[in-house]
Colleague: 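Structure in structure tokens, see below.
Source: prediction; values computed, not measured. Throughout, protein chains are lettered first and strands after them, A, B, ... in sequence-line order, and every chain is numbered starting at 1.
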2 protein chains.
Amino acid sequence: MSVSAYPLSHRFLLGRARHRLSEHERGVVEGLITDVERFTSAHVVLERGDVVSRSTLLIEGFVARVINEGGRRHIVALHVPGDFVDLHAFALKRLDHSIVSIGPVMVGYTTHKKLEGLMQTEPHLSRMLWFSTLLDAAMHREWIMKLEHLSADGRLAHLIAEIWQRLDFVGLADPGGFPFPLTQQELADSCGTTAIHMNRVVRKLRENGIAEISRGRVTVLDKDALIEAGGFDPSYLYGKGDLMLD
Amino acid sequence: MSVSAYPLSHRFLLGRARHRLSEHERGVVEGLITDVERFTSAHVVLERGDVVSRSTLLIEGFVARVINEGGRRHIVALHVPGDFVDLHAFALKRLDHSIVSIGPVMVGYTTHKKLEGLMQTEPHLSRMLWFSTLLDAAMHREWIMKLEHLSADGRLAHLIAEIWQRLDFVGLADPGGFPFPLTQQELADSCGTTAIHMNRVVRKLRENGIAEISRGRVTVLDKDALIEAGGFDPSYLYGKGDLMLD
DNA sequence: CGATACGTTGATCCATTTCAAGATTGGTGG
DNA sequence: CCACCAATCTTGAAATGGATCAACGTATCG
């Protein structure tokens, strides 16, 4: 498959679908995307409570799913290129959380009307769209588990391991690490801790020779130690293989 | 709708679907369930890693979605009667967590083959099945938020408020409280804390005149204080109305 | 009526929060 | 090109929620 054939959607479900999409289906997905838009960092792409009639595919960059509560911002999920960010809104209509860009992003939109038609004519692809929302739920469960039983150190290690693996699925990781524009505040919001404590945790990861996080990039220094620290087992991502970067 | 017409499935999506199911669809859902089984408490209904070819509807009682990690049991979701517990396995096939009964339960099974047929013939109902898995994901996100920003007290209050609301949707709550068989250990596993600390939190809830948890029942003493303590906003449950028990 | 799970309480220790302040970085306009 | 501003990162010290260790009370059920 050449990348240029599907400039907008070529990362969709890449490496994650048990059943690969056919060329025909890839064409259908590419055809779903009508408008494309770019946003700078910290742009609120969608607001909690919005009633939407289209869904958003993340093409480039990172976005967070955010719930504001008690004057604080809580990141409940992160998305990498190729993810349908609010496909669930096709069935739920109303958003229970906001979508915020982290770093510059490019997104594409498809209308629910188009999805409606797809549901009638493309049963296998429809199932794959469902599959992709179920993957989100599986990741949510792993986050819950991680929040319930890991200390801040472990949570950060787990987060890094997960994003590394997911970026690898879509061809955006390298053996030494990956681009990652989150600030320490945003890492804290993702791990349920404070920015101050996250700063110490980040330092500890560096001092222990596990990973370095700086200037928009994560450099993994010791992959095994990272996996160990986060108790990371990628099977919940339902990827092709269950071994990282192998 | 008479309850006795659909003895197994009459609670499915009750009060939660924006579009009500038609009588025909209710009949289809009821017809999905072939086998019915009863289990005693602490029975492992399904094990993480199982490859399954059927899905499980919870008819009576409570089950937990459990991830064991680091020698500890973590509850990542709870289910009430009427919930499809592992509908996601229809698309994912392999389970990323175990299902464990809490108290005596009755479950029904439907084969993926039957669901397959339903996908072809019942587009609206198919969408409602998808909807129900998306609701699970929305609850997961709220749990993540709750774990990220609430102390143990707030987490317990939030849990109680959520279960109360969900049981009310399916007609199993009363204005004074609801049946709830979780031990303090299981409450701790759900809130990411220890049984010892959960014991103190339970006592505090009682001493503050908010709620009492004992002998398999939650008695809510002060609804407003409970909602306040847990920061509970039921909109993520996508119910008919957004007010509890109104 | 003894076994076994469940609930309760106290004392100590540690991870994390909070408050406070300073250093570094990147971007912007003059 | 430099000065400045704002965001980000960093560090220290004090306060605290929750974990851990240890022990004891209390249901419940064969």
Colleague: Under a 4.0 Å N-O cut-off, is there an ion pair linking A:R166 with A:E162?
Modeller: yes
Colleague: Can you give me the first and the last nucleotide of DNA chain C (5' to 3') that has an atom within less than 4.0 angstrom of a non-hydrogen atom in chain B?
Modeller: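 So the outermost contacting nucleotides come out as C:dC6 to C:dA11.
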Colleague: B:D189 pairs by salt bridge (charged side-chain N to carboxylate O under 4.0 Å, His left out) with which of B:R73, B:R72, B:R65?
Modeller: B:R73
Colleague: Would you classify B:R155 as touching base, sugar-phosphate or nothing, given that sugar-phosphate means primed atoms plus P, OP1 and OP2, and contacts are heavy atoms under 4.0 Å?
Modeller: nothing
Colleague: With nearest nucleotides of DNA chain C determined for A:K204 and B:R203 from heavy-atom distances, which residue corresponds to the more 5′ nucleotide?
Modeller: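 So the residue in question is B:R203.
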Colleague: Take the C1' atoms of the five end pairs on each side of the helix from C:dC1-D:dG30 to C:dG30-D:dC1, get both axes, and report the angle to 10 degrees.
Modeller: 40°
Colleague: Rounded to whole angstroms, how far apart are CZ on B:R72 and P on D:dG18?
Modeller: 14 Å
Colleague: Decide, yes or no, whether a salt bridge links A:D96 with A:R48 under the criterion of side-chain N to carboxylate O below 4.0 Å.
Modeller: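 No, this pair does not count.
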Colleague: Is the side chain of A:S101 donor-acceptor paired with the backbone N or O of A:T40 at a distance under 3.5 Å, no angle test?
Modeller: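 Pair found, side chain donor or acceptor close to backbone of A:T40.
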Colleague: If you draw the axis of the six-membered ring of A:F178, does the NZ or CZ of A:R217 fall within 45° of it and under 6.0 Å from the ring centre?
Modeller: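 Judged by the rule, A:R217 and A:F178 form no cation-pi pair.
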Colleague: Given A:Y109 and A:L57, is the side chain to side chain contact (heavy atoms under 4.5 Å, CB included) satisfied, shown in steps?
Modeller: CA-CA 6 Å; A:Y109 299 107; A:L57 177 74; over 6 Å; no
Colleague: So A:F12 and A:F84, would you call those rings parallel, tilted or perpendicular, with 30° and 60° as cut-offs?
Modeller: perpendicular
Colleague: What do the steps show when you test A:D83 against A:R11 for salt bridge (Lys or Arg N to Asp or Glu O under 4.0 Å), and what is the final call?
Modeller: CA-CA 8 Å; A:D83 289 352; A:R11 293 202 171 93; over 6 Å; no
Colleague: So which pairs with a foot in residues 137-157 of chain B pass ring pair (Phe, Tyr, Trp, His ring centres under 6.0 Å), sequence neighbours left out?
Modeller: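 Non-adjacent pairs meeting ring pair (Phe, Tyr, Trp, His ring centres under 6.0 Å): A:H74-B:H149.
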Colleague: So A:F232 and A:Y236, would you call those rings parallel, tilted or perpendicular, with 30° and 60° as cut-offs?
Modeller: perpendicular
Colleague: Would you sort out whether A:Y6 and A:H10 count as a ring pair (Phe, Tyr, Trp, His ring centres under 6.0 Å), showing the intermediate values?
Modeller: CA-CA 5 Å; A:Y6 309 112; A:H10 72 277; 8.5 Å; no
Colleague: One character per nucleotide, please: for nucleotides 25-30 of chain D, 5' to 3', B when the base has a protein heavy atom closer than 4.0 Å, S when only the sugar-phosphate does, - otherwise.
Modeller: ------
Colleague: Just jot down the side chain to side chain donor-acceptor pair (under 3.5 Å) partners of A:E186, sequence neighbours excluded, or say none.
Modeller: A:T183
Colleague: Which residues within residues 181-200 of chain A lie with some heavy atom under 4.0 Å of an atom in DNA chain D?
Modeller: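 Contacts with DNA chain D under 4.0 Å: A:T183, A:Q184, A:I196, A:N199, A:R200.
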Colleague: Salt-bridged, A:R94 to A:D50, with N to O below 4.0 Å?
Modeller: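 A salt bridge is absent here (no side-chain N lies under 4.0 Å from a carboxylate O).
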